[in-house]
Structures are given as structure tokens and as C-alpha cells.
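Letters A, B, ... mirror the listed sequences (proteins, then strands); counts begin at 1. Values below: all heavy atoms of this structure, side chains included; hydrogens, waters and symmetry mates excluded.
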Amino acid sequence: MIDVSGVTVRYGTAPNGGGGSEPPEAKTASGVAAVEDVSLRIDDGEFVVLVGANGSGKTTLVRTFNGLVTPTEGTVSVDGTPVESDLVSARSAVGMVFQTPRDQFVAPTVAADVAFGPENLGLPREEIDRRVAAALDAVDLTGRDDARIATLSGGERQRAAIAGAIAMAPTHLVCDEPFTGLDEPSRRTVLDRLRSLAADGTGVVVVTHDLRDVVGLADRLVGLNDGRLVVDGPPAAVAADLTDHGVRVPIADHERG
Amino acid sequence: MTLAYAPGDSLAHRLDPRAKLLVQAGFAAAVYATTSPHGLLLATPLAAGCLWAAGGGLDDVRAFRFALPVLLGAPVVAGVTLGEPWIRPARAATTALASYRVGLILVVTAAYVRSTAVRESRAAVHHTVPGRLGAMAGLGVALVFRALPLLRADLHRAHEAVHARGGGARPVYVRMRAVAVVGVRRTLTRADRLGTAMTARCLSWNPTLPALSFGRLDAVALALGFGLVAVAVASG
């Protein structure tokens with residue numbers, strides 16, 4: 001369970017203890033709060049969609065989940081343990097797929113990259129191999145172990161990034177704008193993988209500004225506007241309220257009804 | 001193309017990376033210590049043999065084509081003078097031999113790179129150099145192997161972007177400046193993101209690295225490596 005309690009993140013006034021870079025949101029909120037007094041609980045196995053316009057604080061908020069960004073105020077706990085007190089546990093428990101997967105690969109081939117996280121945990125080689133095989137299987141990349149990252153398509157790259165995160169055996173997977181730049185079949189494939197992970201009990205948090213694909217899957221929609229939590233509830237109950245709360249979310253025509 | 005690890009089952013792929021590093025270091029030392037054309041002539045089939053043992057070929061050597069103008073141009077620059085006698089063949093020959101040496105070392109390097117996974121290189125350095133220094137050096141090696149192709153791709157994209165909007169009509173120094181500035185900026189941004197991604201995946205000084213062990217084949221490679229070092233010492 002991820003428990004966010006009264007979290008405020010201000011850039012320019014607080015150290016970024018997690019070693020993360022200043023995300024785009026901060027640029028629009030330079031010197032002011034990128035996230036302000038947000039409280040939120042995400043249970044294991046829950047599929048949460050975090051929506052909001054560009055600069056609303058989504059990326060900053062999810063980066064507090066595993067200590068890449070340290071809150072200026074408030075606390076974030078993962079499975080009851082404050083994130084700052086055990087960063088390795090938090091980062092193992094909350095896998096993160098970044099907005100631009102291309103930049104997050106640390107090895108030239110698929111299997112080597114997927115193994116990077118488990119290797120850092122100091123696991124035995126057999127366990128690492130087992131996790132790599134399972135992660136590749138979970139994202140339909142079995143047999144692509146030695147494929148070079150540079151030769152993968154956009155969808156495959158996104159799935160390889162997801163495999164790299166789930167090889168850490170996280171209880172939660174955070175995907176930051178996972179559909180950016182993907183064509184329809186690739187979006188579908190990534191979506192299917194996320195659906196399977198959620199069905200298997202992994203909590204999934206999808207950060208997006210585009211509700212087209214994920215609204216049907218979500219247990220909850222959480223909306224941010226200017227760093228504040230403005231919507232939180234089941235999609236059927238709150239989707240229509242999003243624009244009323246100033247959340248600029250482009251919804252496809254067929255979903256507008 | 002960019003020279004990179006190519007998964008395979010060649011002779012060199014089966015060798016322990018520490019043995020390969022020794023051969024490479026020994027070879028570099030031997031050819032640098034060898035000043036005669038005969039010595040370099042003997043080193044040539046050895047370099048070709050290393051590449052062959054790694055399952056490589058001309059395509060791998062082609063990855064070093066960017067070094068070719070420097071290697072070919074150096075003897076000319078060294079031999080030409082601005083006055084009488086205009087050309088000094090002895091100087092040109094000495095520099096040509098030096099260029100040839102570098103070429104041979106690049107061939108052996110290609111054999112190493114195409115037959116050794118980055119993780120194995122990291123493990124080899126980590127195991128060979130003791131303590132935190134070895135861990136740092138191993139991580140450094142891994143990052144360099146990862147970063148160089150990305151840097152090249154970034155510069156290539158910057159180059160394409162300049163030309164896509166008619167930048168080819170601008171003077172060379174303007175184009176070079178544009179590519180350099182954009183390339184460096186992208187590289188720094190990428191490095192920042194890569195650092196964040198590694199942090200998110202619990203970057204560790206002491207990760208589980210591939211198990212390394214010397215086999216029978218390695219005995220041959222080690223003998224070759226030590227032999228080359230001996231040649232270098234004897235020649236020096």
C-alpha cells in the first residue's frame with residue numbers, strides 16, 4: 001500500500017534528496033509548489049489512473065512514491081514504512097516506468113537491461129535469471145533476450161521498460177505517460193500487459209493526460225490541477241467532473257457519449 | 001554502424017573477459033614496444049586472428065572508419081614541411097608505423113567489444129581491481145559502453161535536424177557549433193534522466209555480477225597475453 005499524507009513539494013526551496021531531475025512540472029511552478037497538500041492511499045492490486053494537464057504535478061507526485069523526489073512537507077509510506085527510511089525497499093516495491101523509456105535503459109540488450117534492477121538488489125544469479133524470464137514473459141518479449149534495445153519498436157521498447165520495472169517484483173507499478181508516441185496496436189498491447197499485471201495483483205498507477213484507453217480499466221481516477229488533488233473516485237462517478245475541476249483531459253469522442 | 005557486443009558462441013565469446021583484457025593489454029603493449037615493420041607485420045595476423053576468433057569481420061573494423069582520416073593523414077602531416085626539403089620520408093614512415101599500430105589495436109579492440117557483454121566487462125574490472133575503486137571503475141566502464149552509442153546517436157540526430165532545415169547552406173563552423181551545442185545539451189539531459197532511472201532501480205556498488213571462471217581455453221589466452229607482455233618488456 002502506498003500512503004501519501006499531506007505531501008507538498010516545492011522546487012527551488014527544498015532539496016531534491018532522491019537524486020531525481022527537476023521534472024517538467026517544476027518549470028511551470030518554479031519557486032512554488034508543484035504538489036500541494038496531497039493525501040492519497042493506493043491499495044495493493046488497485047488500478048489507479050492519475051490524470052491532469054501538463055504541469056499539474058503528476059510526475060512530481062509519483063516520484064515521491066519511491067523517493068526520487070523528497071516532499072517538502074508531508075510523508076509517503078510504502079507498506080507502512082516511510083520511504084526516506086528505506087529507499088531500497090521503496091524502490092523495489094514501487095517500480096517506475098518513465099515517460100521516455102529510451103532514456104531509462106541502462107544496458108544495450110533487453111535481458112541485460114531487465115536484469116539491471118535485480119542485480120542491484122544483490123539477488124542470486126538463478127533468481128535473477130528466473131525474474132528476467134518471468135518479466136519478459138509477462139510483457140510478451142520472450143525470446144528477445146539478446147535483442148538490442150536500439151532495434152526495438154516503440155511498443156516493444158515500452159514493454160521492455162515495463163519488464164525492467166517488474167523484474168524488481170514491485171507491489172506497485174507506476175507508468176508515466178506509457179502511451180506517448182505509440183500507435184494503436186502498440187497502445188493495445190501495452191494496455192493488455194498492464195491489465196494482466198493488475199489482474200495478477202500488482203497495483204498499477206498510470207499517469208496520463210489522455211483517458212481514452214485507461215478509463216475502462218481504472219478502479220479509481222485521481223485528478224490533479226495545479227498541484228492539488230481535485231478529483232478522487234470511481235471513473236463512473238468522477239469522470240464527468242474532471243473538467244469542472246479544471247483538469248484539462250482530452251477524452252475521445254466515443255467516450256464523451 | 002556502431003561497434004557493439006554481438007551475442008554468439010565464438011571462441012572469444014567463450015573466454016573469460018579477464019583473459020581477453022590481458023590479451024588486449026598485452027597486444028597493445030607489444031605493438032607499442034615494437035618499432036620495426038617486421039614486428040608489426042607479425043602482429044597483423046594476430047590481430048586478424050583475434051577478430052576472427054570473435055566471429056567478427058570487416059564490418060566491425062568499419063565502425064572505426066571515423067579514425068581513418070586521422071590515421072591516414074598523420075603520416076602526411078608529419079612528413080610534409082613548409083620549406084626544403086618539403087617532404088621528410090623518414091618522419092612520415094615513423095608516423096605511418098605509429099598509425100598502423102593504432103589500427104592493429106583498434107582491430108583487437110573490436111574483437112573484444114563484439115565478444116564481451118558490458119556486464120562481463122564490468123565484472124572483470126570489478127573482480128580485478130580490489131575494493132570500491134574496482135566497483136567504481138566497473139560501473140564507469142559499463143556507463144561508457146552505454147553512453148557512447150547514445151552520444152553518437154544524439155549528435156547524428158542533431159546533425160540531421162540542422163540539415164533538415166537547410167542548415168547545409170550555412171558555413172561549416174556554424175553547423176559544427178549548432179550540432180555541438182544541441183548534442184551536448186541533449187547528452188546532459190539524457191545523462192540526467194539515465195541517472196534518475198538508475199536510482200529508481202536501486203543502483204548499487206555491489207550488484208550481482210556474472211560469475212567469472214577461467215577454463216582451459218582461458219589458459220591459452222592467458223599464455224598469449226603474458227607472452228605479449230613479455231615481448232613488450234623484452235622489446236622495451
Is any side-chain heavy atom of [Y] closer than 4.5 Å to one of [X]?
X       : Y       : result
M198(B) : N120(A) : no
R91(A)  : T199(B) : yes
R193(B) : T100(A) : yes

For this session: Report the distance from atom CZ of R63(A) to atom OG1 of T196(B), rounding to the nearest 0.5 Å.
Result: 5.5 Å
Problem set entry | Atom CG of L58(B): over 12 foreign heavy atoms under 6.0 Å | no
Exercise. If you count the non-hydrogen atoms of other residues, nucleotides and ligands that lie under 6.0 Å from NE2 in H127(B), is the total more than 12?
Worked result: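 For H127(B), atom NE2 is crowded (more than 12 foreign heavy atoms under 6.0 Å).
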Toward chain B, the part of [X] with a non-hydrogen atom under 4.5 Å:
X       : answer
N66(A)  : side chain
A112(A) : both
D129(A) : neither
S92(A)  : both

Problem set entry | Passing option when E119(A) is tested against R201(B), R119(B), R122(B) for salt bridge (Lys or Arg N to Asp or Glu O under 4.0 Å) |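 Between E119(A) and the candidates, salt bridge (Lys or Arg N to Asp or Glu O under 4.0 Å) is satisfied uniquely by R119(B).
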Exercise. Using non-hydrogen atoms only, which part of L209(B) is less than 4.5 Å away from chain A: side chain, backbone, both, or neither?
Worked result: backbone
Exercise. Top residue by heavy-atom pair count (under 4.5 Å) with chain A, among A197(B), A117(B), A211(B)?
Worked result: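 Counting heavy-atom pairs under 4.5 Å, the top option is A197(B).
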Exercise. Please walk me through it: do T208(B) and R125(A) pass side-chain contact (heavy atoms from CB on, under 4.5 Å)?
Worked result: CA-CA 7 Å; T208(B) 307; R125(A) 176 54 54 188; 4.2 Å; yes
Exercise. Quick one: of V97(A), D113(A), T109(A), who has the most non-hydrogen atom pairs under 4.5 Å with chain B?
Worked result: D113(A)
Problem set entry | Smallest separation among heavy atoms of C202(B) and V88(A), with atom names |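 Heavy-atom minimum between the residues: SG-O, 3.8 Å.
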Exercise. How close do V106(A) and L194(B) get, heavy atom to heavy atom, and via which atoms?
Worked result: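 Closest heavy-atom pair between V106(A) and L194(B): CG1-CD1, 3.6 Å.
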